[in-house]
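Numbers restart at 1 for each chain; the letters A, B, ... are given by sequence-line order, proteins then strands. Below, each value reflects all heavy atoms present in this structure, side chains not excepted, and no hydrogens, waters or symmetry copies.
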There are 2 protein chains.
Amino acid sequence: MSQNVYEPHNHSACVRHAIQEAQALCEEKGARLTRVRLRVLELIWQSHKPVGAYELLPLLAQEGFNSAPPTVYRALDFLLELGLIHRLSTINAYVGCNRPHGSHPVCFFICNCCGRAQELENDKLRAMTRQVEALLGVTVEQQMTELSGVCPACREHTTPETSGEHCCHDH
Amino acid sequence: MSQNVYEPHNHSACVRHAIQEAQALCEEKGARLTRVRLRVLELIWQSHKPVGAYELLPLLAQEGFNSAPPTVYRALDFLLELGLIHRLSTINAYVGCNRPHGSHPVCFFICNCCGRAQELENDKLRAMTRQVEALLGVTVEQQMTELSGVCPACREHTTPETSGEHCCHDH
DNA sequence: CGCCTTAGGTTATAATGTTGCAATTCTACG
DNA sequence: CGTAGAATTGCAACATTATAACCTAAGGCG
Ligand SMILES: [Zn+2]
Ligand SMILES: [Zn+2]
Ligand SMILES: [Zn+2]
Ligand SMILES: [Zn+2]
């Protein structure tokens, strides 16, 4: 929904939109968005900060769901398969997808300070892929780009005396 | 050394070049390329297929080196720090760096069939970074792109009857 | 040598992700 | 409806990857 998660925005709308998209996509593909799967997706969307698989365990347990690793990983696999979430391998965490419509090149910026991640649609990325294919004669099937650094919000909050510390945002 | 690891090439030259570069870099930076560190680097360079940390353990043990996880990870950390190797986070494996001269944007293509990885210098990548910085107002500090698919050698070797199997190359 | 810094040895443990199998629930079809 | 087959979940154990803590050994230098 939001094009820049580092700016204040109506996050409820992000969540609502994501869930609606998910339900529509599952309907369309005949996939079953069961209670656990839906709840995991909701939990992931609670913020734009990617969440680790093992962080989800206690959250699910708290709500009476079964909470063993396979439960979470199966839900994550399902959501990944449908493209509803992405896995950020540099930080071993999972985050909701902006436009869950089929497999697409993935590009994220991750703030090292607040942890929030912004998905990016980038035409330079496609150009790069084509260039690599032409150069090496390969066929690209998957691609993942992870940028990291400091977001505008964190740069602003990081005054000289607080530098080195981490600021904490909820989403 | 090689600009395309999927083509036949003089791999000894790759290794020799990498080790020389490493020694020069350590000299220049006053870093100590100890026996374990050098051997780990050599082992990583034995092929263009990224190697897992735990694969190195028995290889080191076999040569009389201490082989507990910390030994290997400390060597890897040292080599990563100097930029002599890269970590491919999508496959949790380590591979030698082409041009070990300071921190630089990392871009690899990884063949899903033979596992060999080719590092790429790509101007589209820099353009993308600038575009992202301008778009979000962020500051990019690190970046990693991992493409995967099928290399020319594997596409050629994968006839209809062998499709689905993996071909094995040494480097 | 004697002091300091860096590197390595050792043990244990944390963090992340998988396998295998039985039990349950859902779906489709007659 | 009722039942067979498929998909999903529960559960226990295990595999893989990485780190912490604490101490000893080795190298650099006055
Ligand atoms: Zn939001
Ligand atoms: Zn931030
Ligand atoms: Zn080579
Ligand atoms: Zn290949």
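When the side-chain nitrogen and oxygen atoms of B:Thr71 are compared with OP1 and OP2 of C:dG9, one or more of them lie within a distance under 4.0 Å. Side-chain N/O atoms of A:Asn66 include none lying less than 4.0 angstrom from OP1 or OP2 on D:dT9.
There is a path of hydrophobic side-chain contacts, each under 4.5 Å, that joins A:Leu41 to A:Tyr54. Linking ILVMFWY residues whenever their side-chain heavy atoms come closer than 4.5 Å, directly or via other members, leaves B:Val95 and B:Leu25 in distinct clusters.
Rounded to whole Å, the distance from CG on B:Leu56 to P on D:dT16 is 15 Å. Atom CG of B:Leu57 and atom C1' of D:dT17 are 11 Å apart (whole Å). Atom CG in A:Leu76 sits about 15 Å away from atom P in D:dT8, given to the nearest Å. A:Phe65 places its CZ atom 14 Å from the P atom of D:dC11, with the value rounded to the nearest Å.
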In 5'-to-3' order, the base (B), backbone-only (S) or no-contact (-) status of each nucleotide in nucleotides 16-27 of chain C, using a 4.0 angstrom heavy-atom cut-off, is BBBBB-----S-
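Remark: B:Gln142 CD is loosely packed, at most 12 non-hydrogen atoms of other residues, nucleotides or ligands lying under 6.0 Å away.
Here CD of B:Glu119 is found 3.5 Å from NE2 of B:His86. Values are rounded to the nearest 0.5 Å. Interatomic distance, CG of A:Asp77 versus CG of A:Leu82, reported as 11.5 Å (0.5 Å rounding). Note that CD of B:Gln118 is 10.0 Å distant from SG of B:Cys107, once rounded to the nearest 0.5 Å.
In summary, B:Glu146 and B:Arg87 do not engage in a salt bridge, as defined by a charged side-chain N under 4.0 Å from a carboxylate O.
Contacts of residues 34-44 of chain A with DNA chain D (heavy atom under 4.0 Å): A:Thr34, A:Val36, A:Arg37.
Checked against salt bridge (Lys or Arg N to Asp or Glu O under 4.0 Å), B:Arg130 has no partners two or more places apart in sequence or in another chain.
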